[in-house]
Amino acid sequence: MKKLLTLIIILLIAVLMTQTVPEKKAHKEAMMKAIKEYVDEKAEEKGFGNNVLTKIGKAVINKGIEVALNTKLKVHNYYLLNTTSVRLDGKDQLLSVGVLGQVITFDKDMLKERLEKAEEIEPEE
């Protein structure tokens with residue numbers, strides 16, 4: 001009886017996981033949030049303040065990264081979870097993991113570095 005109950009619980013968890021895998025949009029939003037935080041921190045570190053030029057610069061950077069995400073981001077679905085990546089140097093570089101409706105991104109520095117590299121590489125035909 002214990003084995004059957006354990007099996008039923010495992011199956012219910014698996015079904016729950018398959019139904020709560022985040023979409024690409026959720027991954028992109030989580031990554032954009034991390035990037036925006038990084039850009040804000042760097043602007044503050046450099047002492048740029050909160051003037052109009054700084055706001056325009058931040059908007060340009062964020063838009064550039066958003067464009068890179070739209071064109072380069074790939075979602076890999078594994079039914080119970082999914083991951084996103086960009087292709088760099090012939091290899092997929094993992095950026096985030098989605099499970100149970102949540103998206104876990106890498107730290108801001110690593111995410112920014114990987115996206116900058118993705119922008120430098122020409123789109124694959």
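- In terms of heavy atoms, A30 sits closest to V103 at CB-CG1, 3.7 Å.
- Alongside V75, the hydrophobic cluster contains no other residue (criterion: ILVMFWY side chains under 4.5 Å).
- V21 and V97 fall into different hydrophobic clusters, defined by Ile, Leu, Val, Met, Phe, Trp and Tyr side-chain heavy atoms under 4.5 Å apart, directly or through other members.
- In this structure, the side-chain contact (heavy atoms from CB on, under 4.5 Å) partners of L12, at least two apart in sequence or on a different chain, are I8.
- Hydrophobic clustering places L81 together with L16 (ILVMFWY residues linked when any side-chain heavy atoms are closer than 4.5 Å, directly or through intermediates).
- For S85, the side-chain hydrogen bond (donor to acceptor under 3.5 Å, both in side chains) partners at least two apart in sequence or on another chain are H76.
- Rounding to the nearest 0.5 angstrom, the gap separating the CE atom in M1 from the OG1 atom in T6 is 10.5 Å.
- A side-chain hydrogen bond (donor to acceptor under 3.5 Å, both in side chains) check over residues 14-30, counting only residues at least two apart or in different chains, returns the pairs H27-N82, H27-S96, K28-N70.
- With sequence neighbours excluded, no residue satisfies side-chain contact (heavy atoms from CB on, under 4.5 Å) with T71.
- Taking every heavy atom of both residues into account, T83 and Y78 meet most closely at OG1-CE1, 3.5 Å.
- Remark: I9 engages L5, I13 in a side-chain contact (heavy atoms from CB on, under 4.5 Å) (not counting sequence neighbours).
- Nearest heavy atoms, L80 versus V99: O-CG2, 3.9 Å.
- Within the 4.5 Å cutoff, side-chain heavy atoms of T84 are placed close to those of M31.
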Expected list for residues 53-63: side-chain donor-acceptor pairs under 3.5 angstrom, two or more places apart:
unit_1	atom_1	unit_2	atom_2	d
T54	OG1	F48	O	3.0
T54	OG1	N51	OD1	2.9
K58	NZ	D40	OD1	3.1
N62	ND2	K58	O	3.2

